[in-house]
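Here is the structure we will look at.
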Amino acid sequence: MNQNMYQRILLKLSGEQLAGKFDAGIDPKVCAWLTQELQPALERGVQIIIMVGGGNFARGEQLAGHGIARVTADHIGMLGTMMNALALTDIFESKGIKTRCLSNIFAEQVAEPFVHRLANKHLEKKRVVIVAGGIGRPYMTTDTAAVALALELDCQVVLKATKVDGVYNKDPVIYKDAVKIDKISFDQAVADYDIKIMDKAALGLAMEHNLPIIIFEAMQKGSISRTIDGKTTGTYIG
Ligand code: UDP
């Protein structure tokens with residue numbers, strides 16, 4: 001019998017996390033460390049989909065201007081996610097974790113296309129699925145793409161890995177008396193302008209379909225495994 005709290009999860013990793021100690025690009029040591037952190041959940045049979053960001057290479061909103069159209073800037077951002085997804089896939093496989101990279105932008109020479117049935121098949125075969133290209137359209141971020149994909153693949157939760165250990169009532173970097181919130185409703189998370197940890201579009205979509213999101217700090221030993229196990233110290237939105 002499967003004792004897991006969650007059987008299928010979507011993990012959102014930002015580009016910044018994959019860059020580790022570097023200002024940009026990929027830190028392979030961080031990616032390799034992630035494999036160790038995911039191993040206990042994989043051994044328990046949890047199916048894992050990873051949506052990777054691309055902010056360590058480019059963000060459309062910041063790149064647009066001076067002749068670069070927003071749509072093109074977003075295409076460049078999506079290509080950034082592709083670079084992360086390809087690197088992460090290889091590093092996972094080099095550590096013995098069966099992994100497939102599926103792309104939401106046409107790139108047949110470098111990755112399999114994202115096809116719903118194919119993604120399900122890989123997951124059922126206990127392969128980690130890493131998604132490149134977000135949702136494949138401009139004016140989107142990988143946060144929104146993560147929620148959309150989690151819905152499409154029947155995930156029970158979206159785990160958004162961040163640098164901070166959850167949602168605070170005010171910015172903990174500026175205010176020493178900021179208090180961490182353990183649980184917050186979708187209504188509050190969407191309405192509160194100060195909650196910027198996740199895109200409002202992503203939160204709105206999750207709210208509409210009642211898909212919980214957990215905001216947590218991934219780069220602490222055991223944190224990912226605890227969170228997948230339902231024992232997070234982060235913030236539960238739902
Ligand atoms: N992007 C996009 N459509 C998507 C996902 C991403 O256009 O479905 C672009 C967008 O420009 C975004 C960039 O890719 O800024 C990188 O993604 P994101 O900013 O979400 O990365 P993160 O901040 O998580 O590293």
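Positions are given from 1, in the same order as the sequence printed here. For the numbers below, each heavy atom of this structure counts, side chains included, while hydrogens, waters and symmetry mates do not.
Under a hydrophobic clustering in which Ile, Leu, Val, Met, Phe, Trp and Tyr are joined whenever their side-chain heavy atoms come within less than 4.5 Å, directly or via other members, Val147 and Ile184 fall into the same cluster. Note on Val46: it clusters hydrophobically with Ile224, by side-chain heavy-atom contacts below 4.5 Å among ILVMFWY residues. Hydrophobic clustering (ILVMFWY, side-chain heavy atoms < 4.5 Å, transitive): Leu11 and Val52 are in one cluster. The cluster map of Ile, Leu, Val, Met, Phe, Trp and Tyr, joined by side-chain heavy atoms under 4.5 Å apart, puts Ile215 and Val190 in the same cluster. Linking ILVMFWY residues whenever their side-chain heavy atoms come closer than 4.5 Å, directly or via other members, leaves Ile237 and Leu159 in distinct clusters.
A 4.5 Å side-chain heavy-atom check between Pro40 and Arg226 finds every atom pair outside the cut-off. Within the 4.5 Å cutoff, the side chain of Ile49 has heavy atoms near those of the Arg8 side chain. You'll find the side chain of Lys95 stays beyond 4.5 Å of the side chain of Gln36, heavy atoms only. Side-chain contact between Cys31 and Ile26 is present, with heavy atoms from C-beta onward closer than 4.5 Å. You'll find the side chain of Ile195 stays beyond 4.5 Å of the side chain of Tyr168, heavy atoms only. Put simply, the side chain of Phe216 does not reach to within 4.5 Å of the side chain of Thr162, judged on heavy atoms. The side-chain heavy atoms of Lys163 and Glu16, taken from C-beta on, include a pair separated by under 4.5 Å. No side-chain heavy atom of Glu112 sits less than 4.5 Å from a side-chain heavy atom of Ser103.
Side-chain atoms of Gln156 and Gln7 include a donor-acceptor pair closer than 3.5 Å. A donor and an acceptor atom, one from each side chain of Asn56 and Asn84, are located under 3.5 Å apart.
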Identify every side-chain donor-acceptor pair in residues 176-183 under 3.5 Å, counting partners at least two apart or on other chains, and give the distances.
unit_1: Asp177; atom_1: OD1; unit_2: Lys170; atom_2: NZ; d: 3.3
unit_1: Asp177; atom_1: OD2; unit_2: Lys170; atom_2: NZ; d: 3.2
unit_1: Lys180; atom_1: NZ; unit_2: Thr233; atom_2: O; d: 2.2

Check residues 123-140 and write down every donor-acceptor pair under 3.5 Å in which the side-chain atom is one partner and the other belongs to a residue at least two apart or another chain.
unit_1: Arg127; atom_1: NH1; unit_2: His122; atom_2: ND1; d: 2.9

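Note that CG of Leu211 is 6.5 Å distant from CZ of Phe186, once rounded to the nearest 0.5 Å. Here the CG atom belonging to Leu149 is positioned 12.0 Å from the CD1 atom belonging to Ile50, to the nearest 0.5 angstrom. Asp27 contributes atom CG, which lies 8.5 Å from atom CD1 of Ile91 (distance to the nearest 0.5 angstrom). A distance of 9.0 Å separates CG of Asp194 from CG of Asp171, quoted to the nearest 0.5 Å. Expressed to the nearest 0.5 Å, how far CE of Met78 lies from NE2 of His75 amounts to 4.5 Å. Atom CE in Met51 sits 11.0 Å away from atom CG in Leu13 (nearest 0.5 Å).
Here the closest non-hydrogen pair linking Tyr236 and Pro212 is OH-CB, 3.4 Å. Residues Ala189 and Lys200 come closest through the heavy atom pair O-NZ, 2.7 Å. Between Ala85 and Cys101 the shortest heavy-atom distance is CB-SG, 3.8 Å. The two residues Glu152 and His116 make their nearest non-hydrogen contact at O-NE2, 3.1 Å. Here the closest non-hydrogen pair linking Ile213 and Ala206 is CD1-CB, 3.6 Å.
Although no hydrogens or angles enter the test, the distance criterion places no donor-acceptor pair under 3.5 Å between the side chain of Thr235 and the main chain of Gly166. The backbone N or O of Arg44 sits less than 3.5 Å from a side-chain atom of Asn4, completing a donor-acceptor pair. Thr142 places no side-chain N or O within 3.5 Å of a backbone atom of Ala145 that could act as its donor or acceptor partner.
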Met219 and Trp33: CA distance, side-chain angles, deciding distance, side chain to side chain contact (heavy atoms under 4.5 Å, CB included) verdict:
CA-CA 9 Å; Met219 299 302 168; Trp33 180 84; 3.6 Å; yes

**Study point:** Stepwise side chain to side chain contact (heavy atoms under 4.5 Å, CB included) check, Arg70 with Glu61
**Key:** CA-CA 7 Å; Arg70 173 65 194 261; Glu61 200 179 357; 4.0 Å; yes

Would you please test Ile48 and Leu38 for side chain to side chain contact (heavy atoms under 4.5 Å, CB included) and show each step? CA-CA 9 Å; Ile48 300 177; Leu38 287 171; 3.9 Å; yes

Report task. Apply the test side chain to side chain contact (heavy atoms under 4.5 Å, CB included) to residues Leu34 and Leu18: give CA-CA distance (whole Å), side-chain angles for both, the deciding distance (0.1 Å), then the verdict. Result -> CA-CA 9 Å; Leu34 280 169; Leu18 301 184; 3.9 Å; yes

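Under the rule for a side-chain hydrogen bond (donor to acceptor under 3.5 Å, both in side chains), the partners of Lys160 that lie at least two apart in sequence or sit in another chain are Asp143. Applying the side-chain hydrogen bond (donor to acceptor under 3.5 Å, both in side chains) criterion to Ser14, with sequence neighbours excluded, gives Gln17. In this structure Lys196 satisfies the side-chain hydrogen bond (donor to acceptor under 3.5 Å, both in side chains) test with no other residue, sequence neighbours excluded. For Thr232, the side-chain hydrogen bond (donor to acceptor under 3.5 Å, both in side chains) partners at least two apart in sequence or on another chain are Thr227.
Checking each of Ile97, Thr99, Leu102 against Thr89 for a side chain to side chain contact (heavy atoms under 4.5 Å, CB included) leaves exactly one that passes, namely Thr99.
Residues Lys221 and Glu37 are paired through a salt bridge, judged by an N-O separation under 4.0 Å between the basic side chain and the carboxylate.
Other residues, nucleotides and ligands place no more than 12 heavy atoms under 6.0 Å from the OH atom of Tyr175.
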